[in-house]
Amino acid sequence: MDISIIELNRLNFYRASELHGGLVLGQLVARVRDPHLILNLTRHSAEEVMHSEVWAETILAVGGRPAPVKNTYQRRLAKLVGPVSSVFQVLALTQVFERRVYRHFIDHTRLPGTHAFVRGALERMIEEERGHLSWVKDWLEEEAEVRGVDLKAMLDRRVAIDARVYDELLYEFGFRVRAA
Ligand SMILES: [Fe+2]
Ligand SMILES: [Fe+2]
């Protein structure tokens, strides 16, 4: 295998979380009526599933094996956030999560010794994540206006929860070493 076990575990976690995210978004499509929202959610879902495919390909290309992951990013977030039902709430959480992913993937490309295939996959994701961030942001802003919701306060609460999940992951996947 051309990458370390710890790097393989990271990629496999990305793979499973992208797929989980794509499936969650895809399931929302059946619950909305706005034609543009149907299109955007479908595209977004398809791209996340495709990202999962790219990770599976990348893992195989560097001699690793994709393996099942139960505790995806989404599952960890859901444990802390509790049940999230409305499309508005799912997309608010998606926005917070995607901002995190975007920044994290940029950080990952800067890790010394990152395999060229892994860097290539990360760069492709970073490009597509920009589109995800922008359509969800626009939709949330419009929707918050209509509902009279303080979007910033709503997002800030989720940012705090996401930070807890992310902090654990940094240790678990060896991006940060826990102080003795
Ligand atoms: Fe993605
Ligand atoms: Fe995304």
Side-chain angles (χ1 to χ4, degrees), residues 3 7-32 36-62 64 66-78 81 84 86-111 114-115 117-143 151 154-155 158-159 161-163 165-166 169-170 172-173 175:
I3 57 170
E7 180 79 330
L8 172 67
N9 289 340
R10 291 169 185 153
L11 305 188
N12 195 46
F13 179 75
Y14 297 165
R15 181 196 61 73
S17 298
E18 302 258 21
L19 183 60
H20 194 170
L23 295 175
V24 167
L25 291 166
Q27 279 173 338
L28 288 184
V29 177
R31 298 173 40 200
V32 303
H36 289 108
L37 187 54
I38 289 176
L39 173 61
N40 283 329
L41 279 173
T42 305
R43 183 187 292 131
H44 195 151
S45 164
E47 285 179 359
E48 300 300 9
V49 174
M50 188 73 83
H51 290 174
S52 179
E53 185 195 335
V54 170
W55 286 124
E57 279 168 1
T58 305
I59 289 168
L60 287 165
V62 296
V69 174
K70 281 212 181 92
N71 219 357
T72 58
Y73 206 120
Q74 289 80 0
R75 189 149 290 144
R76 291 165 193 250
L77 268 181
V81 175
V84 173
S86 73
V87 175
F88 189 57
Q89 285 182 349
V90 175
L91 285 179
L93 198 54
T94 297
Q95 180 71 350
V96 167
F97 163 74
E98 298 243 20
R99 275 195 230 152
R100 170 71 71 196
V101 171
Y102 183 77
R103 287 191 299 255
H104 175 78
F105 279 176
I106 290 172
D107 289 348
H108 193 159
T109 62
R110 293 178 182 147
L111 268 190
T114 299
H115 193 287
F117 290 175
V118 176
R119 177 164 290 116
L122 287 165
E123 280 164 359
R124 173 172 169 187
M125 312 283 161
I126 290 164
E127 205 44 50
E128 291 190 0
E129 294 307 335
R130 272 196 212 115
H132 296 172
L133 284 169
S134 79
W135 91 261
V136 176
K137 177 176 180 285
D138 292 347
W139 187 84
L140 285 173
E141 281 172 357
E142 266 178 43
E143 199 63 17
L151 182 60
M154 190 180 168
L155 292 179
R158 285 161 177 79
V159 166
I161 293 170
D162 175 72
V165 172
Y166 185 60
L169 289 170
L170 288 181
E172 200 173 319
F173 289 95
F175 286 100

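Remember, it's 1-based here, ligands and their atoms both numbered in the order they're listed. In this chain, residues are counted from 1 in sequence order.
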For atom CE of M154, decide whether the heavy atoms of other residues, nucleotides or ligands shown that lie under 6.0 angstrom number more than 12.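 Count over threshold, so yes.
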
Examine E98 and say whether one of its N/O/S atoms is closer to the Fe ion (ligand 1) than 2.8 Å.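 No N, O or S atom of E98 is closer than 2.8 Å to the Fe ion (ligand 1), so no.
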
The Fe ion (ligand 1) to nearest N/O/S of E128 less than 2.8 Å: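 For E128, the answer is no, given that no N, O or S atom comes within less than 2.8 Å of the Fe ion (ligand 1).
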
Does any N, O or S atom in E129 come within less than 2.8 Å of the Fe ion (ligand 2)?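 An N, O or S atom of E129 is closer than 2.8 Å to the Fe ion (ligand 2), so yes.
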
Taking atom types as modelled and ignoring hydrogens, do the side chains of H51 and E48 form a donor-acceptor contact shorter than 3.5 angstrom?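 The criterion, which ignores hydrogens and geometry beyond distance, is satisfied for E48 and H51.
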
Which angle, to 10 degrees, forms at the Fe ion (ligand 1) with ND1 of H51 on one side and OE1 of E18 on the other?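 Value, to the nearest 10 degrees: 100°.
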
Hey, is the main chain of Y73 close enough, under 3.5 Å, to the side chain of S17 for a donor-acceptor pair?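 Here the side-chain-to-backbone pair exists.
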
S45 side chain to G22 main-chain N or O, any donor-acceptor pair under 3.5 Å?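 Flag set: sc S45 to bb G22 pair under 3.5 Å.
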
Report the C-alpha separation of E129 and H132 in whole Å, then their side-chain angles, then the decisive distance to 0.1 Å, and conclude whether the side-chain hydrogen bond (donor to acceptor under 3.5 Å, both in side chains) test is met. CA-CA 5 Å; E129 294 307 335; H132 296 172; 3.1 Å; yes

Apex the Fe ion (ligand 2) - arms OE2 from E48 and ND1 from H132 - angle rounded to 10°: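 The two atoms subtend 90° at the Fe ion (ligand 2).
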
